[in-house]
Q: 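One structure follows; several queries about it will come next.
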Number of protein chains: 2
Amino acid sequence: MANKKSVSNPTSLDYAILGLLQGHSLSGYRIRKIFETTALGEYSSSPGTIYPALKRLKKLGLIIQGKKSGDPVNTPNPFAITPEGIEILARWLGKPLESEDISKRLDETMLRFALMEELLSKEQKIEFLTSFISETREYIKILLSDFERESHRMSLHGKLAMENGIAVYKTSLRWGRKALKEIRNT
Amino acid sequence: MANKKSVSNPTSLDYAILGLLQGHSLSGYRIRKIFETTALGEYSSSPGTIYPALKRLKKLGLIIQGKKSGDPVNTPNPFAITPEGIEILARWLGKPLESEDISKRLDETMLRFALMEELLSKEQKIEFLTSFISETREYIKILLSDFERESHRMSLHGKLAMENGIAVYKTSLRWGRKALKEIRNT
DNA sequence: TCGCACATGTAACGTGTTACATGATTCA
DNA sequence: TGAATCATGTAACACGTTACATGTGCGA
């Protein structure tokens with residue numbers, strides 16, 4: 001197994017930070033503001049979350065602190081991603097999709113997609129979307145058969161809630177096919 | 001403020017457990033199996049998660065342990081929900097929806113819907129869905145305006161990821177309207 | 001008898017949340 | 001001058017994850 005998990009892997013928050021640091025340096029405060037204001041807001045980020053995370057990543061050598069030649073002149077204590085950070089991030093982005101990346105962790109999976117533009121090859125992106133599509137199709141099948149098998153003993157609200165789940169996954173499936181086409185045209 | 005948060009509120013896992021305990025007693029093992037096998041599987045549940053949660057709920061007096069006259073004869077140490085448990089659960093289910101229940105915590109919000117059948121009145125359910133619809137509509141507006149404002153400086157992958165988010169929320173909005181109709185016909 | 005499913009738990013660990021704390025700079 | 005925003009951090013706490021541990025009962 002090439003995968004040592006001895007020391008505890010980065011969390012998806014860590015990866016989100018590394019992803020933001022592709023391209024330009026950012027201060028802790030800037031990163032917080034991005035999490036606060038943009039659609040990445042799921043990673044809700046009070047100081048007590050962000051600063052310890054940055055500390056962690058720094059200690060791991062995935063980011064470095066200090067004026068980096070380049071960007072925003074007056075970012076106070078900007079962090080930049082290191083080559084090791086890039087490598088770790090790219091490895092995470094390129095990991096083969098498992099079924100649980102769809103059934104649980106769908107948000108994280110979309111985050112991976114959002115961050116992979118620069119670091120993965122076109123082939124890898126296509127591979128990612130192809131698996132995304134087939135895993136999602138597979139999972140919808142499971143949901144539908146669960147639904148048929150159990151619906152007679154489910155409450156109305158239970159059934160409706162499941163219908164939402166199924167509809168949402170179908171939407172993501174359609175999205176995946178469309179995204180695949182667009183990426184192929186690149 | 002009627003809401004004391006002094007002692008730390010139940011988590012959504014706690015509420016999921018309380019919800020499962022509506023109607024019939026279940027052993028810890030049974031609860032684990034339900035989380036493992038059904039669509040509620042997001043609440044991934046190893047012993048190290050479930051048993052401490054049950055202990056907690058027991059200490060709070062929201063569930064009680066012991067043979068309950070009724071159900072499956074040889075369920076080992078079944079838990080049943082107490083009146084206080086019901087009350088806490090119902091209060092949670094009936095809480096007014098805030099915008100963050102949609103933008104973050106959408107899964108939790110759907111869990112609330114799934115569990116409210118027995119404990120809320122028809123009017124409360126309609127109120128829930130009505131807010132769900134308007135909050136979701138509102139959030140989609142925000143996403144769309146973010147998208148228009150930022151899309152020119154977003155990467156292709158960023159844009160595609162956002163499109164998925166928007167499509168998913170639109171799906172849930174359609175679901176909400178449909179669910180509202182069905183509940184009204186009750 | 002071997003192994004699997006049933007059944008329940010504990011201990012270490014890390015991370016996110018909440019709340020507190022501090023200080024500089026900007027702008028009205 | 002006072003308020004808001006910029007900017008960074010710490011401490012307590014609780015929860016979930018992982019890994020370990022134990023024992024029963026059933027069926028092949």
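Quick caveat, the model's predicted, so the values are computed rather than measured.
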Q: Are more than 12 heavy atoms, taken from residues, nucleotides or ligands other than A/K104, located less than 6.0 Å from that residue's NZ atom?
A: yes
Q: Step by step, would you call B/S172 with A/N164 a side chain to side chain donor-acceptor pair (under 3.5 Å)?
A: CA-CA 6 Å; B/S172 284; A/N164 179 63; 3.2 Å; yes
Q: Taking CG from A/L57 and C1' from C/dG14, how many angstroms apart are they, rounded to a whole number?
A: 14 Å
Q: Are A/L20 and A/F35 close enough, and set up right, to give a side chain to side chain contact (heavy atoms under 4.5 Å, CB included), and what steps lead you there?
A: CA-CA 10 Å; A/L20 284 177; A/F35 285 134; 3.9 Å; yes
Q: So which heavy atom on B/A53 is nearest to which on B/I17, and how close?
A: CB-CD1, 3.9 Å
Q: Give the rounded distance in Å between these two atoms: CZ of A/R30 and C1' of D/dT8.
A: 15 Å
Q: Can you check the A/I34 CD1 to D/dC6 C1' distance for me, whole Å?
A: 15 Å
Q: What is the separation between atom CG on B/L60 and atom P on D/dC15, rounded to the nearest whole Å?
A: 9 Å
Q: Starting at CZ of A/R32 and ending at C1' of D/dT8, how long is that distance when rounded to a whole Å?
A: 9 Å
Q: Within a strict 4.5 Å, meaning less than it, do heavy atoms of the B/K125 and A/L156 side chains meet?
A: no
Q: To the nearest Å, give me how far apart CD1 (A/I31) and P (D/dA7) are.
A: 12 Å
Q: Side chain of B/Y29, heavy atoms from C-beta onward: which of D/dC6, C/dA5, C/dT10 has the nearest atom to it?
A: C/dA5
Q: Would you list the protein and nucleotides 15-17 of chain C atom pairs, both N or O, that sit under 3.5 Å from each other?
A:
from, atom 1, to, atom 2, distance (Å)
C/dG16, OP1, A/T11, OG1, 3.3
C/dG16, OP2, A/R56, NH2, 3.4
C/dT17, OP2, A/S44, O, 3.4
C/dT17, OP2, A/T49, OG1, 3.0

Q: B/R184: which residues meet the side-chain hydrogen bond (donor to acceptor under 3.5 Å, both in side chains) condition with it, sequence neighbours left out?
A: none
Q: B/E36 has an atom CD; how far is it from atom P of C/dT8, in whole Å?
A: 14 Å
Q: Angle between the two end axes of the helix from C/dT1-D/dA28 to C/dA28-D/dT1, five base pairs per end, rounded to 10 degrees?
A: 30°
Q: Nearest whole angstrom, please: distance from the C1' of D/dT17 to the CZ of A/R105.
A: 13 Å
Q: Would you give the length of the straight line joining atom CZ of B/R177 to atom CG of B/L129, rounded to the nearest 0.5 angstrom?
A: 12.0 Å
Q: Can you figure out which of C/dC6, D/dC6, C/dT8 approaches the side chain of B/K33 most closely?
A: C/dC6
Q: Answer yes or no: is there an ion pair linking B/K178 with B/E182, defined by an N-O contact shorter than 4.0 Å?
A: yes
Q: Check the angle between the aromatic planes of B/F132 and B/W175 and answer parallel, tilted or perpendicular using the 30° and 60° thresholds.
A: perpendicular
